[in-house]
Amino acid sequence: MDSILVRGNGALSGQIPIAGAKNACLTLMPATLLSDEPLTLTNAPRLSDIATMTQLLQSLGAEVAGLQQGLVLAMSSHDIANHTADYDIVRKMRASILVLGPMLAREGHAVVSLPGGCAIGARPVDLHQRAMEALGAEIELKDGYLHARAPGGRLKGATIHFPLVSVGATENALMAATLAKGTTVIENAAREPEIVDLARCLRAMGAQIEGEGTSTITIQGVDRLHGATHPVVADRIELGTYMLVPAICGGEVECLGGKMELVGAFAEKLEAAGVSVTQTERGLKVSGQGRVKAVDVVTEPFPGFPTDLQAQMMALLCTAEGTSVLEERIFENRFMHAPELTRMGANIEVHGGHATVHGVEKLKGARVMATDLRASVSLILAALAAEGETVVSRVYHLDRGYERVEEKLRACGAQIERIKG
Ligand code: UD1
């Protein structure tokens, strides 16, 4: 297992290109199952999660080529030869559940393994299941697999009301509804930019969708979808992560391709902490202005502060002047980075869904362990600002969601290297 070695060495400045969004790509890829014509994604990121989704789609009979230099992913699902998403792939990546809606909508049946738990919480898929049932599917749980069938071979448009906001369940419902007979209305839909991106792609494939980006999405089902080429939206979580580099270390970083509308609530918190953020023609420019001030953070569905930036924000607040409280409202067990940051000299108390961070003047390098994707990058951010050397182990988590992280940080002057093995 690889580790990452970081030597904290003061202010970092430069430009960092922001990749296409992992989470958008993971929902755009299963959309290929909705059509027998090719779907091409440009600006796709090169990440291990994308390789896992590639493997899943190939196991269903799709042809997937790409991830070469041009970051183009070309997919074709002329025939869906296998209708079972196997446990061995699904357990590696929860986003695998996103093949359920498209496969059921196009083929009238699908079998998808339940993903099981994951490090940051129970993360059930009941809302995905209920959405498919609202569209007329009959679903049975057998041997850990959801066996779904649309009576008569086709889903029927309906009103789907989500009791809580779910990104993945909204995506599954949206994809399924494009080929259902009649009109579907999704109420209390997620409003994340990745949903807007998915709707744009589906529309380019011939779907009739209105209201994406609001809480109510209306879909008029069509008989078939065709091929399309779609550029993946910029990764707002990668963007927010690199915006934190000058905030933590000092210096000035321009995140190329960054847009304020993708990170509104997060940028507001950074500014409240005393960091300057400006939109330029090419992206977002962030300047560190010395030690930041404490701020309180509550994670919420978009447009609120994203849970996927909570760990990284905590790394910043570890050296803030004063005490900050972070409240995690999306996932019940998402403070596993706190004890690791404590090993680096942070002063953090966790009580249930709240973490209280008493800012210290300086963090110190240590050996720490990545526990999940966003936790792993929070440790790297902390290490960049710490005195001395930090070794972050289990960085395979990092490779799921950040491409070329060492290269991007080195370009800004960071001392960071990967230790193989
Ligand atoms: C997506 C993102 C993930 C992000 C999360 C919240 C992808 C691939 N992943 O995950 O990075 O952290 O949104 O912004 O896009 N829930 C249920 N039942 C369900 C589904 C969800 O109770 O059937 C709960 C979850 O446990 C969680 C909350 O709803 O507490 C929100 O989860 P959801 O928005 O569905 O997250 P994902 O789509 O899995």
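Just so you know, ligand 1 is whichever comes first in the structure, and atom 1 is the first atom listed for that ligand.
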Self-check item: Ile330 neighbourhood, listing ligand 1 atoms whose heavy-atom distance to it stays under 4.0 Å
Solution: 27 (C), 30 (O), 31 (C)

Exercise. From atom 9 (N) of ligand 1, work out which of Asp126, Val167, Asn23 has a heavy atom at the shortest distance.
Key: Asn23

Exercise. Tell me which part of Phe302 gets within contact of ligand 1: side chain, backbone, both or neither, using heavy atoms under 4.0 Å.
Key: neither

Exercise. State whether a side-chain donor-acceptor pair under 3.5 Å links His226 with Ser35.
Key: no

Quiz item: Looking at ligand 1, does any of its N/O atoms fall within less than 3.5 Å of an N/O of Glu171?
Solution: no

Exercise. Specify side chain, backbone, both or neither for His128, according to which of its non-hydrogen atoms lie closer than 4.0 Å to ligand 1.
Key: both

Quiz item: Atoms of ligand 1 less than 4.0 Å from Leu164 heavy atoms?
Solution: 24 (C), 29 (O)

Quiz prompt | Region of Leu127 that comes within reach of ligand 1 [heavy atoms, distance under 4.0 Å] | solution = both

Exercise. Please could you name the atoms of ligand 1 that Thr307 approaches to less than 4.0 Å, counting only its heavy atoms?
Key: 6 (C), 12 (O), 14 (O)

Practice problem: Between Arg334 and ligand 1, find which residue part has any heavy-atom pair under 4.0 Å and reply side chain, backbone, both or neither. | Solution: side chain

Practice problem: Check the side chains of His78 and Glu63 for a donor-acceptor pair under 3.5 angstrom, ignoring hydrogens and angles. | Solution: no

Practice problem: Could you note down all residue pairs passing salt bridge (charged side-chain N to carboxylate O under 4.0 Å, His left out) where residues 390-401 supplies at least one of them, sequence neighbours left out? | Solution: Asp49-Arg400, Asp399-Arg418

Quiz item: CD of Glu349: more than 12 outside heavy atoms within 6.0 angstrom?
Solution: yes

Quiz item: So does Lys181 have more than 12 non-hydrogen atoms from other groups sitting under 6.0 Å from NZ?
Solution: no

Practice problem: Consider ligand 1: state whether an atom of it lies below 4.0 angstrom from any non-hydrogen atom of Ala169. | Solution: no

Exercise. Please check if any side-chain donor atom of Tyr402 sits under 3.5 Å from a side-chain acceptor atom of Thr241, or the reverse.
Key: yes

Quiz item: Which atoms from ligand 1 have a heavy atom of Val125 less than 4.0 Å away?
Solution: 19 (C), 23 (O)

Quiz item: Under 3.5 Å, is there a donor-acceptor pair linking the side chains of Glu328 and Thr299?
Solution: yes

Practice problem: List every atom of ligand 1 that sits less than 4.0 Å from any heavy atom of Gly168, numbering the atoms from 1 in the order shown and giving each element. | Solution: 35 (O), 38 (O)

Self-check item: SB check Asp308 Arg236 (cutoff 4.0 Å)
Solution: no

Quiz item: Is Pro124 in polar range of ligand 1, meaning some N or O pair under 3.5 Å apart?
Solution: yes

Quiz prompt | Pair Glu194, Thr27: side-chain N/O donor-acceptor within cut-off below 3.5 Å | solution = no

